[in-house]
Amino acid sequence: MEVEIGEKKFRLMITADEIALRVNEIAQKINQQEWPEPPLLICILKGSFMFTADLVRRLQIPHSLEFLQLSSYANNLTSSGEVKGLDSFSVSVQNRPILILEDIVDTGLTIESLRNHLLHQGVVSVHVACLLFKPGSFKGSILPEFCGQSIPDNFVIGYGMDVAEQGRNLPDIYVLENAN
Ligand code: PRP
């Protein structure tokens, strides 16, 4: 199955059923983790809105949920190298364990920047849950611990992820054709 957005063609990579299995597995691991206190979950918008909505419905641990819009890709296929939006987070995080929720960890710049920002504010710990992980482009220092699936270093859309703001609504995940 294919979708076309503008002049770009994408082919089916991960079905909605497969995504649901991955989300279930992540939720189980989070449920089994020993949390010293109820974690504060931070959904990184926009891409993580669908992952977050599905994941939290499977969580059985006490937690609270906040949203933060961070962006580094603008309308490009590669990261700009700069994360925008960190200063807009005004929630008190002191003495809380934090669980960052990401649709995808690519270079790792977004989670690394946020982790550093939070550590300066006295959090107990920072954990990361992501549906997708690209080991080929990861340049961060700490691997995400609750991870759904590793994928090759190609551009993907769907299930919250976009190309120039299109495709976030797709229930499945698609990969750019002829990508490399
Ligand atoms: C995407 C994605 C992650 C980030 C991962 O966000 O949702 O937040 O990039 O890339 P990284 O590991 O290289 O930092 P994007 O900047 O495209 O914003 P969006 O979620 O609003 O689309």
Side-chain angles (χ1 to χ4, degrees), residues 1-31 41-59 65-81 83-85 99-115 127-140 142-180:
M1 214 167 87
E2 283 194 344
V3 294
E4 274 188 52
I5 296 181
E7 291 179 354
K8 294 185 177 68
K9 277 189 183 166
F10 297 81
R11 71 181 150 74
L12 183 61
M13 186 188 200
I14 309 171
T15 66
D17 286 347
E18 290 166 336
I19 294 169
L21 290 175
R22 300 289 88 77
V23 176
N24 267 332
E25 290 162 3
I26 296 169
Q28 263 185 29
K29 288 183 193 152
I30 295 170
N31 286 330
L41 276 49
I42 306 179
C43 164
I44 308 304
L45 297 172
K46 300 176 190 173
S48 297
F49 77 96
M50 240 185 234
F51 173 53
T52 298
D54 285 344
L55 182 75
V56 294
R57 280 180 280 184
R58 293 165 169 82
L59 293 185
L65 177 61
E66 293 289 344
F67 298 84
L68 172 61
Q69 184 162 359
L70 295 180
S71 164
S72 60
Y73 279 71
N75 283 342
N76 303 316
L77 297 187
T78 53
S79 172
S80 68
V83 176
K84 293 182 182 161
L99 178 59
I100 299 171
L101 304 182
E102 269 288 26
D103 46 321
I104 185 164
V105 172
D106 191 329
T107 65
L109 180 71
T110 304
I111 57 168
E112 196 88 357
S113 305
L114 179 56
R115 177 186 282 115
H127 309 259
V128 175
C130 64
L131 178 64
L132 301 180
F133 176 56
K134 285 187 182 174
S137 52
F138 185 69
K139 298 185 185 77
I142 303 169
L143 292 168
E145 56 203 298
F146 305 104
C147 192
Q149 180 169 340
S150 292
I151 60 167
D153 193 9
N154 295 325
F155 192 82
V156 292
I157 61 165
Y159 196 70
M161 295 171 284
D162 73 308
V163 55
E165 296 302 327
Q166 302 301 302
R168 293 193 196 275
N169 60 314
L170 297 166
D172 308 294
I173 292 173
Y174 293 78
V175 61
L176 183 62
E177 279 202 339
N178 305 321
N180 269 324

If you take all heavy atoms of Ser72 and Thr110, which pair is closest and at what distance?
OG-OG1, 3.9 Å
Minimal non-hydrogen separation, Leu70 against Gly85, with atom names:
CD2-C, 3.5 Å
Taking only residues at least two apart or on different chains, which pairs with a member in residues 9-22 satisfy salt bridge (charged side-chain N to carboxylate O under 4.0 Å, His left out)?
Arg22-Glu25
To the nearest 0.5 Å, tell me how far Cys147 SG sits from Ile104 CD1.
9.5 Å
What heavy-atom pair brings Pro144 and Val128 nearest, and what distance separates the two atoms?
CB-CG1, 3.8 Å
Under the rule for side chain to side chain donor-acceptor pair (under 3.5 Å), what residues qualify as partners of Asn24, not counting sequence neighbours?
Arg58
Dump the intermediate steps for salt bridge (charged side-chain N to carboxylate O under 4.0 Å, His left out) on Lys8 and Glu177, then the final yes or no.
CA-CA 8 Å; Lys8 294 185 177 68; Glu177 279 202 339; over 6 Å; no
Holding to salt bridge (charged side-chain N to carboxylate O under 4.0 Å, His left out), I want the full list of residues that pass it with Asp172, two or more places apart in sequence or in another chain.
none
Where is the tightest heavy-atom contact between Ile157 and Val163, given as atom of each residue plus distance?
CG2-N, 3.7 Å
To the closest 0.5 Å, what do you measure between OG (Ser150) and CG (Leu143)?
9.0 Å
Test side-chain contact (heavy atoms from CB on, under 4.5 Å), reference Leu101, set Leu131, Leu68, Leu55, output is Leu55
Side-chain (Thr52) to main-chain (Cys43) donor-acceptor, under 3.5 angstrom:
no
The side-chain contact (heavy atoms from CB on, under 4.5 Å) partners of Glu7 (sequence neighbours excluded) come to none
First locate atom CD1 of Ile44, then atom CD1 of Ile111, and finally report the distance between them rounded to the nearest 0.5 Å.
10.0 Å
Residues at least two apart in sequence or cross-chain that pass side-chain contact (heavy atoms from CB on, under 4.5 Å) with Pro171, listed by chain then number, are Ala16
Taking ring pair (Phe, Tyr, Trp, His ring centres under 6.0 Å) as the test, write out the residues that go with Phe133, two or more places apart.
Phe138
Determine the minimum heavy-atom distance between Gly158 and Ile173, stating which atoms define it.
O-CG1, 4.2 Å
Kindly indicate, with the supporting measurements, whether the criterion side chain to side chain contact (heavy atoms under 4.5 Å, CB included) is fulfilled by Ile42 and Leu99.
CA-CA 6 Å; Ile42 306 179; Leu99 178 59; over 6 Å; no
Mind checking what makes side-chain contact (heavy atoms from CB on, under 4.5 Å) contact with Phe49, not counting sequence neighbours?
Leu45, Arg168
Could you tell me if the side chain of Val156 sits less than 4.5 Å from the side chain of Leu176, heavy atoms only?
no
Correct closest heavy-atom pair for Asp103 and Phe51 would be N-CD2, 4.3 Å
Nearest 0.5 Å, please: how far is CD1 in Ile19 from CE in Met13?
11.0 Å
Set of side-chain contact (heavy atoms from CB on, under 4.5 Å) partners for Met50, sequence neighbours left out
Tyr159
Partner set under side chain to side chain donor-acceptor pair (under 3.5 Å) for Glu145, not counting sequence neighbours
His127
Nearest-0.5 Å distance that lies between atom OG in Ser48 and atom CD in Glu102:
4.5 Å
Those residues at least two apart in sequence (or on a different chain) that pass salt bridge (charged side-chain N to carboxylate O under 4.0 Å, His left out) with Lys134 are Asp106
Distance in Å, Leu12 CG paired with Tyr174 OH, rounded so as to fall on 0.5 Å steps
5.0 Å
Under the criterion side chain to side chain contact (heavy atoms under 4.5 Å, CB included), I'd like the reasoning laid out for Lys84 against Gln69: C-alpha separation, chi angles, the key distance, then a yes or no.
CA-CA 8 Å; Lys84 293 182 182 161; Gln69 184 162 359; over 6 Å; no
Those residues at least two apart in sequence (or on a different chain) that pass side chain to side chain donor-acceptor pair (under 3.5 Å) with Glu112 are Ser141
